[in-house]
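For reference, the structure is listed below as structure tokens.
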Amino acid sequence: MPRPAAPAKKDDNELSPIVKATLQASVIAGISNILAQAISAYKEGTPLVIDWVPVFQFFLFGVISTPPNFLWQELLETTFPSHHISPTREAIASASASDEKALDREASLGTLVEPRLNKGNTFIKWLLDQTVGAAVNTLLFSMFMHGTQAAMQHRATSSFGAAPNQSLWFLIDGIKRGNAIQYHSVNWSWVWEESKREFWGLVVASWKFWPFVSIVNFAVLKTVAARSLAGNLAGIAWGVYMSLFAAQ
């Protein structure tokens, strides 16, 4: 008699969902900034020379912002599950008719119950995501971007200058020396004031895009990892907008 196959072992080298989501978001953020630079160059009729400093800044923002957002989505899902298990219509009909054979057949086929959308929980998650989540993410973006841009202003006076074609060498040299980002020189009071000044404009702009992505995520996709991937893909368009905004 053949032995049953052993269950597949989990690969110890496999990345956790939160790490995968962070890598995806960071790469997409960097790509979005490159696309934004290409759009700007096209509009201005100038050759595209990639400035790797803002690409690096957006990549770094993805690294910092994705883990708390992933945990936020997990908290929403565990607190307000999108789906609940309910009897199928066939199971209800069989039970109403006291048809034990039909119930046994449906049990063997796995059709006694099915996941159904919890509309109340989905609405609560959507509302929290577009109010609390939007507010925190907007402040996080503004504080990080203004702070990091200010912390890299010494680029202009470095030996590489501010020319885009020297940006990659500036980053390599700065990372090697450990002084690419100098947060100690940032005026955080100014960063906070700038973040407050642009807060409502960014929140209103986000409400024209993210509520539609959010409702699809909560109503259709069932795992946080899948929602994170879908959000990251939608984030390409939003990232281009935010890159153009940050470059102003």
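Computed over heavy atoms, backbone and side chain alike; hydrogens, waters and symmetry mates excluded. Note that the structure is predicted; figures quoted are calculated from it, not measured.
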Could you tell me which residues satisfy side chain to side chain donor-acceptor pair (under 3.5 Å) with Gln57, sequence neighbours excluded, listed by chain and number?
none

Contact check, side chains of Phe61 and Leu140, non-hydrogen atoms, under 4.5 Å
yes

Testing the basics here: between Val240 and Ser32, what is the closest heavy-atom pair and its distance to 0.1 Å?
CG2-O, 3.5 Å

Excluding sequence neighbours, so at least two apart, what forms ring-ring contact (aromatic ring centres under 6.0 Å, His included) with Phe56?
none

Please name all residues satisfying side chain to side chain donor-acceptor pair (under 3.5 Å) with Asn165, sequence neighbours left out, ordered by chain then number.
none

Does any pair with a residue in residues 30-42 pass salt bridge (charged side-chain N to carboxylate O under 4.0 Å, His left out), and if so which ones, sequence neighbours excluded?
none

When you measure from the side chain of Glu194 to the backbone N and O of Ser142, does any donor-acceptor pair fall under 3.5 Å?
no

For Asn121, check side chain to side chain donor-acceptor pair (under 3.5 Å) against everything at least two apart and list the hits.
none

With a 4.5 Å cut-off on side-chain heavy-atom distances among I, L, V, M, F, W and Y, is there a chain of contacts connecting Phe58 to Leu139?
yes

Pairing residues for Phe170 by the ring-ring contact (aromatic ring centres under 6.0 Å, His included) criterion, not counting sequence neighbours:
His154

Suppose the criterion is side chain to side chain donor-acceptor pair (under 3.5 Å): which pairs have a residue in residues 38-55, not counting sequence neighbours?
Asp51-Arg155

Sorted by chain and number, sequence neighbours left out, side chain to side chain donor-acceptor pair (under 3.5 Å) with Gln24 holds for none

Once side chain to side chain contact (heavy atoms under 4.5 Å, CB included) is applied, do any residues pair with Trp188, and if so which ones, sequence neighbours excluded?
Met143, Tyr183, Val186, Val191

Trp169, Ile34: one ILVMFWY side-chain cluster at the under-4.5 Å cut-off?
yes

Under a 3.5 Å distance rule, please check whether Thr148 uses its side chain to pair with a backbone N or O of Met145 as donor and acceptor.
no

Taking atom types as modelled, is there a side-chain donor on Gln37 or Ser243 under 3.5 Å from an acceptor on the other?
no

Check whether any side-chain N or O of Asn69 sits under 3.5 Å from a backbone N or O of Ser65 as a donor-acceptor pair, and report yes or no.
yes

Would you name the heavy atoms of Leu75 and Thr79 that are closest together and state the gap between them?
O-OG1, 2.7 Å

Just jot down the salt bridge (Lys or Arg N to Asp or Glu O under 4.0 Å) partners of Glu198, sequence neighbours excluded, or say none.
none

According to a 4.5 Å side-chain heavy-atom criterion applied to Ile, Leu, Val, Met, Phe, Trp and Tyr, with indirect links allowed, do Ile28 and Met242 form part of one hydrophobic cluster?
no

Linking I/L/V/M/F/W/Y whenever any side-chain heavy atoms sit under 4.5 Å apart, do Leu35 and Leu48 land together?
no

Carefully, step by step, assess Ile18 and Leu71 under the rule side chain to side chain contact (heavy atoms under 4.5 Å, CB included).
CA-CA 8 Å; Ile18 192 170; Leu71 296 175; 4.2 Å; yes

Which atom pair, heavy atoms only, marks the closest approach of Phe59 to Ser26?
CD1-O, 3.3 Å

Check: Leu60 and Phe144 side chains under 4.5 Å, non-hydrogen atoms:
yes

Using 0.5 Å steps for rounding, measure from the CD atom of Gln153 to the CD atom of Gln182.
10.5 Å

Cluster overlap Ile64 with Trp72, hydrophobic side-chain contacts below 4.5 Å
no

Extract all donor-acceptor atom pairs below 3.5 Å that involve side chains of residues 201-215 and protein atoms in other chains or at least two apart in sequence.
unit_1 : atom_1 : unit_2 : atom_2 : d
Ser206 : OG     : Val203 : O      : 2.6
Trp207 : NE1    : Gln130 : O      : 2.8
Ser214 : OG     : Asp129 : OD2    : 3.3

I'd like to check the ring-ring contact (aromatic ring centres under 6.0 Å, His included) partners of Tyr241; sequence neighbours left out, ordered by chain and number.
Trp238

Which heavy atom of Leu244 sits nearest a heavy atom of Ala36, and at what distance?
CD2-O, 3.6 Å

Find the distance between CG (Asn179) and CE (Met152) and round it off to the nearest 0.5 Å.
9.5 Å

